[in-house]
2 protein chains.
Amino acid sequence: MKKEVAKKAKDKVVSWDKHLDKKYGLRGTVTRSEFETKSQTFILGELLKEEREKANLTQAEMAEKTGTKKSYISRIENGRADIQLSTLYRLIEQGLNRKLELTIH
Amino acid sequence: MKKEVAKKAKDKVVSWDKHLDKKYGLRGTVTRSEFETKSQTFILGELLKEEREKANLTQAEMAEKTGTKKSYISRIENGRADIQLSTLYRLIEQGLNRKLELTIH
DNA sequence: GGAAAAGTTCACTAATTAGTTAACTTTAAA
DNA sequence: TTTAAAGTTAACTAATTAGTGAACTTTTCC
């Protein structure tokens with residue numbers, strides 16, 4: 001009996017990737033890629049925020065170093081901006097004194 | 001004597017990074033970061049071209065898959081475009097069926 | 001060498017980011 | 001609990017990319 005419950009429960013377990021395949025389509029499709037872009041934008045924002053905090057900078061300080069304003073930094077960190085590569089480089093190099101690496105898997 | 005020549009020659013050997021420090025300023029400065037962005041844009045174009053060719057696609061085919069035109073693909077591959085992240089994702093995901101990874105070093 | 005395919009460049013418009021100010025909300029420290 | 005600092009959001013303009021057609025150049029291959 002316990003086993004049966006376990007089995008039923010197991011049927012409902014779905015991998016994240018399969019969930020995404022079903023909800024947004026397979027990788028490489030337009031809808032899936034749109035979803036991926038949005039989540040990557042969000043994750044990148046979090047990453048930038050984390051690194052800024054590690055570097056002990058406020059958004060205002062980060063903005064000053066990169067020649068912009070704190071309101072814009074906030075937008076980026078909150079995943080509300082589809083930024084250009086030059087902007088990303090500026091934030092990482094001038095703002096954090098770090099380097100960005102791009103890899104295609 | 002041979003040694004002396006070698007010494008003189010050695011004095012003229014300069015590391016690439018030091019050359020860049022001198023010519024464009026240290027990492028994190030505005031001028032250096034502008035240079036870095038330009039070279040990264042160029043390198044990324046090469047990388048995309050290489051991967052497209054590996055995938056046996058023409059620029060026109062790549063354009064079709066990503067919903068744009070071959071003229072635009074050409075511009076990007078030749079480092080003439082400071083593209084948005086969404087554009088980069090589109091090229092890599094819809095065009096190449098691959099995944100992009102961003103890392104901060 | 002000639003033709004077809006592939007790639008590049010130019011010129012232009014539409015769409016979107018970058019940049020900014022100001023008001024508002026949240027957080028942290030006294 | 002008050003206050004100042006930090007962060008968020010909205011609204012707007014200016015600057016730049018995204019998108020496109022067409023002409024031109026280079027490469028490929030018969």
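In what follows, chains are A, B, ... by sequence order, proteins preceding strands, each numbered from 1. None of the values given here were measured: they were computed from a predicted structure.
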Which nucleotide, [options], lies nearest any side-chain atom of [X]?
X       : options               : value
B:Thr58 : C:dG19, C:dA6, D:dT8  : C:dA6
A:Ser71 : C:dG19, C:dA6, C:dT21 : C:dT21
A:Glu77 : D:dT8, D:dA11, D:dT17 : D:dT8
B:Lys49 : D:dT8, C:dT8, D:dA18  : C:dT8
A:Thr68 : C:dG19, C:dT8, D:dT20 : C:dG19

With A:His105, the side-chain hydrogen bond (donor to acceptor under 3.5 Å, both in side chains) member among B:Glu101, B:Arg98, B:Lys99: B:Glu101
Earlier contact from the 5' end, DNA chain D, for A:Tyr72 and B:Asp82: A:Tyr72
How many whole angstroms separate atom [atom1] of [X] from atom [atom2] of [N]?
X       : N      : atom1 : atom2 : result
A:Leu57 : D:dA5  : CG    : C1'   : 15 Å
A:Ile83 : C:dA15 : CD1   : P     : 23 Å
A:Glu64 : C:dT20 : CD    : C1'   : 15 Å
A:Lys70 : D:dT9  : NZ    : C1'   : 12 Å
B:Leu44 : D:dT17 : CG    : C1'   : 15 Å
A:Ile76 : C:dT16 : CD1   : P     : 18 Å
B:Arg90 : C:dT16 : CZ    : P     : 11 Å
B:Ile73 : C:dA6  : CD1   : P     : 15 Å

Can you see if the side chain of [X] gets near the phosphate of [N] - specifically, an N or O under 4.0 Å from OP1 or OP2?
X       : N      : value
A:Lys69 : C:dG19 : no
A:Arg80 : C:dT16 : no
A:Gln59 : D:dT8  : yes

Most 5' of A:Ser86 and B:Arg52 on DNA chain C, judged by nearest nucleotide: B:Arg52
Base of D:dT20 paired with side chain of B:Arg75 (donor-acceptor, under 3.5 Å): yes
Side chain of [X], backbone of [Y]: donor and acceptor closer than 3.5 Å?
X       : Y       : result
A:Arg52 : A:Leu57 : yes
A:Arg75 : A:Ala81 : no
B:Ser74 : B:Lys70 : no

Nearest-0.5 Å distance, CE of residue B:Met62 to CD of residue B:Gln94: 10.0 Å
